[in-house]
Amino acid sequence: MKKESWGSRTGLILAMAGNAVGLGNFLRFPVQAVQNGGGAFILPYLICFLLMGIPLLFTEWSIGRFGGKLGNHSTPYILDSMSTKWYWKYIGVFGIFTNIAVMAYYTYIESWTFMYVIHSVIGTFSGLGKEEISQFFDQYVLFQGADFGIPLFPVLVYVGVLGLNVYILSTGLGGIEKVAKIGMPLLILFGVILAVRGWTMGSDFASEAFPDANAWDGINFLWTPQYSSLADPKVWLAAAGQIFFTLSVGMGSIQCYASYLKENEDIALNSVTAGFTNELVEVLLGSAIVIPIAAGFLGLDWVLQNAGFGMAFQTMPYLFQQWGPMIGAIAGVCWFGLLFFAGITSSLAMGTPWMGFMKDEFGWGKVKGAVSFGLVSLVMGLPTVLFFQYGYFDEYDYWAGTVSLVIFAFLETLLFTWIFGMNRGWEELNRGADIKIPSAYKWIMKYVTPVLLFLVLIAAFVTPQGNDWNAAISGLFSGDGWTLDNSSLISKLTFADLQAQVAADPNQTAYL
Ligand code: PHE
Ligand code: NA
């Protein structure tokens, strides 16, 4: 049988860019940027991209293509083949589970975007006031459909969207490539349309209630660098976390895609191209839609106080209506359609590691692999869907989408640069390369990246109270010790965070 591989270089790049470009670019990035001081966030973010993002892309593409040469398509088998120790296989399995846990909540948001496209088309939001549109979302996620007839319908939509993912996955690489070839250009088209709107709005929509509203305030806030943030570990951690999530590193999904490359096919230029595509979409389009449009109507102060999911699903549909029903509907389709394509090209990427593992381990074919992935994701996903209001969603995002990525990325970096060896690794990376990678990267990958990843990990363990590092450090020097925040990994692992929650809620309503 002929080895399965990508149909064309364009297909490969679009699939890899589709993997990376996701909800993270449009929903997570703007919120992170706003919460971490706008222009204060950008510099640490770009430095993290260069010193951790790019090296991790190099590492994961190399690991993947190396594994594919031996006929392996999942991290348990690939990592195992790179060392002599037994435990690497299990570290690889840990990566597979991260995919499923992220898939569980990611597909849920994807299903919202799907429904919101339909609601934009059929005009559900036209004529509704701000409060009503915002209530619509609340009732959707809380299953309280008294006014809109919603209960349990979102669960069906979720299962349907999961089913669509399973179907596409069952058609193999060809199906994934096709979705990327259609979805990525449309996503960029929709994004550009909305971004142009964001850039040209100015203060046209300032109102009596928001006389200072100006879209340019949003853009300037993001793009005026503030150097003071360079000394704040909190901003660095948020920047590093965003880089991991947005590039899809630390889960084994890039390795799986790369394992379908041919032995001497370029990875140096392809990996950088896919990575930069993600960054362009993130910093140019991701920052040019929600924030400027919301600032253009409601003012920057409003944006600073309300950054979150709600901006995308509650504020945007309302604001689009202000452009009239026709343009409002078009803008809604562009926005939620963009989110849907961004989401599905990424969730497909989360399915392939599991399928690769089932193939490597049990010889399962695509249909069996895809269906079993769907079932496992459903079992993991239902709690986030049904218990959304109790914060399950955030727990998943914390453990899978934040902590696990860093642990996995740190371990695979050690494996590649120190155990497999940087000299062999460098050779692997450069075989068939279409560009010359600056040799400084050999040194960065071996020393700088692992040290930075280790620091990020340590910081997650000991996050100080209120995430206020400067206060904690001066407290430490003046002999007050170090107070952990409930969000620190140590507090989470010792359940101190739960105890604090119970103590703060004597009736324990949070658990009913
Ligand atoms: N990079 C994707 C995003 O930005 C998320 C993702 C993570 C996709 C891991 C695949 C694997 O939304
Ligand atoms: Na991304």
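Values below: every heavy atom of this structure, side chains too, minus hydrogens, waters and symmetry copies. Nothing here was measured: the structure is a model prediction, and the numbers come from that model. One-based numbering along the sequence shown. Counting starts at 1 for both ligands and their atoms, in listed order.
Outside the 6.0 Å centre-distance limit, the rings of His73 and Phe357 are not counted as a close aromatic pair. Between Trp335 and Tyr116, the distance separating the two ring centers is not shorter than 6.0 angstrom. The six-membered or imidazole ring of Phe125 lies near that of Phe136, with a centre-to-centre distance under 6.0 Å. Ring pair Phe137/Trp112: centre-to-centre distance below 6.0 Å.
Take a cut-off of 3.0 Å around the Na ion (ligand 2): the protein N, O or S atoms inside it are Ala20 O, Asn25 OD1, Thr246 O, Thr246 OG1, Asn278 OD1.
Judged as a side chain to side chain contact (heavy atoms under 4.5 Å, CB included), and not counting sequence neighbours, the contacts of Val192 are Ile188, Val196, Leu285. Residues meeting the salt bridge (charged side-chain N to carboxylate O under 4.0 Å, His left out) test with Glu395, sequence neighbours left out: Lys492.
Between the Thr449 side chain and the Thr413 main chain, no donor and acceptor come within less than 3.5 Å of each other.
In this structure, a donor-acceptor pair under 3.5 Å is absent between the side chains of Asn19 and Ser346.
Under the side-chain contact (heavy atoms from CB on, under 4.5 Å) test applied with Leu79, the options Phe416, Phe408, Phe420 reduce to a single match, Phe408.
A heavy-atom cutoff of 4.0 Å around ligand 1 is satisfied by the protein residues Asn19, Ala20, Gly22, Leu23, Gly24, Asn25, Tyr106, Phe245, Thr246, Ser248, Met251, Ser253, Ser346, Met350.
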